[in-house]
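Down below is the structure, laid out as structure tokens.
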2 protein chains.
Amino acid sequence: MSTPSIDEVAAAAGVHRSTVSRAFSRPEAVKRETREHIRQVAASMGYRMSPLAQALRTKVSTLVPLVVPDITNPYFAELAKAMTAAAGERGYQLVLCVTENDADATARYLDAMQAMYAPFAVIAPYARVFPAEFESRGFGKRLVVIDRVESGDQISTVTVDSATGIALALDHLFELGHTSIAYVSGIAGTHTAADRCQAYRTLAEERGMTPIELDSSGIGVGAGERAAEELVSLRERPTAVVAGNDLVAFGLISSLGSRGMSVPGDVSVVGFDGLALGARSNPPLTSVQQPIAEMGRIAIRLAEQVANGGPVEHVVLQPQLLVRSSTRPVR
Amino acid sequence: MSTPSIDEVAAAAGVHRSTVSRAFSRPEAVKRETREHIRQVAASMGYRMSPLAQALRTKVSTLVPLVVPDITNPYFAELAKAMTAAAGERGYQLVLCVTENDADATARYLDAMQAMYAPFAVIAPYARVFPAEFESRGFGKRLVVIDRVESGDQISTVTVDSATGIALALDHLFELGHTSIAYVSGIAGTHTAADRCQAYRTLAEERGMTPIELDSSGIGVGAGERAAEELVSLRERPTAVVAGNDLVAFGLISSLGSRGMSVPGDVSVVGFDGLALGARSNPPLTSVQQPIAEMGRIAIRLAEQVANGGPVEHVVLQPQLLVRSSTRPVR
DNA sequence: AACTTTTCTGCAACCGATCTCAGCAACCGA
DNA sequence: TCGGTTGCTGAGATCGGTTGCAGAAAAGTT
């Protein structure tokens, strides 16, 4: 038995379908007794409104696309989880769009969601975002990017403060006595990744260290491999490494292990992201934690804001240090 | 500029909208010149059909829900990735429904997708599936479960052969000289989890070993914690452990590390799933690999089959052993 | 009591497609 | 030349809702 249509409910309740419609979508516009009667009849018939028909007529749906490059990456998975909750709280339904980092796929998803009358979109990029590209694709400014964009770009963003995050990591290592601290960037070409790397350079020099940037090329399994190789071969081996994100940290620790170096025994590592997965890695990963849940909530708020004609905003959140077991005092 | 409607295209091409409709959805029913002309005009206007209107009228959409309990779990993430590709190949669009393991959420998602006229659904459960529950929720038999169900249940399923998988793991460890091999189950209450555990018991006894089942209670971070504790305290300590899934293996290795035991130095561990993430764990995890991509493709095929009135089928795939570095000959 | 205002409900057009049916033209064989 | 096919297109109802408008009923004013 499929759900009855609005006309069937109307007939059963002895009213016109427009009244049934109002009983649900604009309750205050219909007399209380009528409304309650209709609701009751509807409930007893197992009626629920067709979101399709609704969206078709009103040109607005509750679908909110979250565009991510790779759901297999735990960072995006956690983001998806957080955003699902955040969207749900505000009455939206998140639709995950996994692009595999393909621009065409992104465009297709955006077109499709546009056709479904999604009120706005949220994008968590892997590479640098060129807003103009998206504006032409229909959403205009009605989207939020979880990354920084070129200053002056008219698109709302949410990010975590890279400088603070790197400073947190560095200070933690300093306190443990480390003075030679290398950096492995993520391979991602986002502004955020570049910012973290830049922050490392600046802060390292400010603290009188010479920055040591490890080779972070290589994708997937290979990530961290080259960095480990380089680290091992270094004459004056750093005693600690800051990774641009947790996944790189995992790869680095793994590769280091294969080369007989233990973390934190031989070298301390701190990641960036603060993934839950880091709690069950070996060793549990000390990391700069991004407030992912909050980012999700803010992304939805900003999106609603621009969708309602409000101002574009750039929100920068403060990260916290999550100390677990991959760091240790230098001996 | 939003995309034009079918009527605008019809007007521009000088034909009736029904002809435009046919030019796209039933091309052979319209004269070639007319069709080409329409297509050209449509393309020049940037026209694309509204999937909403289409679905509303035909009562069929290309949306395929994949219901998973937790996208943060890399197994489900990889499944989602594989299914997205598999669905795309067949012209469907996967919609990820993350339930956080909540029955209500599952029901809501299924209802919503039903309302969107999804042709069928795919479910990857965390707990045991009771088909009756779903049948009543509209999809009838038009769904596929990525797990075993009670024999006799009229729902198509795809699974990997648990017995073969466990045998693969055990044989690998035997060859390395291990004779005392424990087992840590996943906490999941699926049939598959139970099957793996049962397979372990049976096969261990067949090979003349007494099964040692470690406590696998505890969720999230805690998973593996208890097992590690128990393992360490065991009088006759096993030299190897088979884990019911990779995530548990990660947790176990992590907890073992915190207790000063190294893998594979002190104990060998083999996981079950063969996640890509295992390649960058410390140490890289030896695991029984599920052919996830193939499972995705088969799930779609089975779903299409029952949706077209075809027979319910139970497909069992063979896993392979993926040898990485978490196992080593016993000393 | 008469008039104005407010509240509530019905009517019917509309969103953007699909699809059955009917009509028209061209074609066919006898 | 005519009845019968066949191929192609248009008309219009339909999917399941929303909403501006109009009119009836109820409430408020003087």
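Only a predicted model underlies this, so the values are computations on that prediction, with no experimental measurement involved.
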(request) Only counting residues at least two apart or in another chain, list the ones meeting side-chain contact (heavy atoms from CB on, under 4.5 Å) with Pro51(B). (result) Ala115(A), Met116(A)

(request) May I ask you to say what Ser50(B) touches in the nucleic acid, namely base, sugar-phosphate or nothing, with a heavy-atom cut-off under 4.0 Å? (result) sugar-phosphate

(request) Take the protein atom CD1 of Ile6(B) and the nucleotide atom P of dC15(C), then report the distance between them rounded to whole Å. (result) 13 Å

(request) Figure out the CG/P separation between Asp7(B) and dA13(C), and round it to whole Å. (result) 16 Å

(request) For Thr99(A), check side-chain contact (heavy atoms from CB on, under 4.5 Å) against everything at least two apart and list the hits. (result) Val67(A), Pro69(A), Ala105(A), Thr106(A), Tyr109(A)

(message) I'd like to check the side-chain contact (heavy atoms from CB on, under 4.5 Å) partners of Glu36(B); sequence neighbours left out, ordered by chain and number.
(response) Arg32(B)

(request) Measure the shortest side-chain to side-chain distance between Val315(A) and Thr159(A) over non-hydrogen atoms and say whether it is less than 4.5 angstrom. (result) no

(request) Using a 4.5 Å cut-off on heavy atoms from C-beta on, say whether the side chain of Gln290(A) contacts that of Asp273(A). (result) yes

(request) Using a cut-off of strictly less than 4.0 Å between a heavy atom of the residue and any atom of DNA chain D, enumerate the qualifying residues of residues 9-20 of chain A by number. (result) Arg17(A), Ser18(A)

(message) With heavy-atom distances below 4.5 Å as the criterion, would you say the side chains of His191(A) and Glu150(A) are in contact?
(response) yes

(request) Can you tell me which residue pairs pass the salt bridge (Lys or Arg N to Asp or Glu O under 4.0 Å) test with a partner in residues 112-124 of chain B, sequence neighbours excluded? (result) none

(message) Going by side-chain hydrogen bond (donor to acceptor under 3.5 Å, both in side chains), name the residues that satisfy it together with Asp111(A), two or more places apart in sequence or in a different chain.
(response) Arg137(A), Arg48(B)

(request) Quick one: list whatever passes side-chain contact (heavy atoms from CB on, under 4.5 Å) with Arg297(B), sequence neighbours left out. (result) Ala86(B), Glu89(B), Ala293(B), Glu294(B)

(request) Could you state the atom-to-atom distance from CZ of Arg26(B) to C1' of dT18(C) in whole Å? (result) 9 Å

(message) Whether the side chain of Asn308(A) engages the backbone of Gly310(A) through a donor-acceptor N/O pair (distance < 3.5 Å, no angle test) should be reported.
(response) no

(message) I'd like to know if Arg22(A) reaches the base of dG17(D) with its side chain, counting only an N/O donor and acceptor under 3.5 Å.
(response) no

(request) For Met116(A) and dA17(C), give me the distance from atom CE to atom P, rounded to whole Å. (result) 14 Å

(message) Short of 4.0 Å, heavy atom to strand atom, which residues of residues 54-65 of chain B count as contacting DNA chain D?
(response) Leu56(B), Arg57(B), Lys59(B)

(request) Report yes if the distance between the aromatic ring centroids of Phe120(B) and Tyr92(B) is under 6.0 Å, otherwise no. (result) yes

(request) Determine whether Val95(B) and Val64(B) make a side-chain contact, defined as any pair of heavy atoms from C-beta on separated by less than 4.5 Å. (result) no

(request) Specify the residues of residues 28-42 of chain A, ordered by number, for which at least one heavy atom lies under 4.0 angstrom from an atom of DNA chain D. (result) none

(request) May I ask you to test the Pro65(A)-Val122(A) pair for a side-chain heavy-atom distance under 4.5 Å? (result) no

(request) Answer yes or no: side-chain N or O of Arg48(A) and base N or O of dG16(D) forming a donor-acceptor pair under 3.5 Å. (result) no

(request) Without swapping roles, check the side chain of Arg142(A) against the backbone of Pro119(A) for a donor-acceptor pair under 3.5 Å. (result) yes

(message) Test: salt bridge (Lys or Arg N to Asp or Glu O under 4.0 Å). Region: residues 13-29 of chain B. Which pairs qualify, not counting sequence neighbours?
(response) Asp7(B)-Arg17(B)

(message) When you measure from the side-chain N and O atoms of Tyr47(B) to the phosphate of dA17(C), is any distance below 4.0 Å, counting only OP1 and OP2?
(response) yes

(request) Write down the distance between CE (Met49(A)) and C1' (dT18(D)), rounded to a whole number of angstrom. (result) 10 Å

Under 3.5 Å between N/O atoms: give me all the protein pairs with nucleotides 24-26 of chain D, atom names plus distance.
none

(message) Do Thr157(A) and Val144(A) make a side-chain contact, defined as non-hydrogen atoms from C-beta onward lying under 4.5 Å apart?
(response) no

(request) Give DNA chain C the dot-bracket treatment, 5' to 3': Watson-Crick (N1-N3 with N6-O4 or O6-N4) or G-U (N1-O2, O6-N3) under 3.5 Å, [ ] crossing, | other strand. (result) ||||||||||||||||||||||||||||||

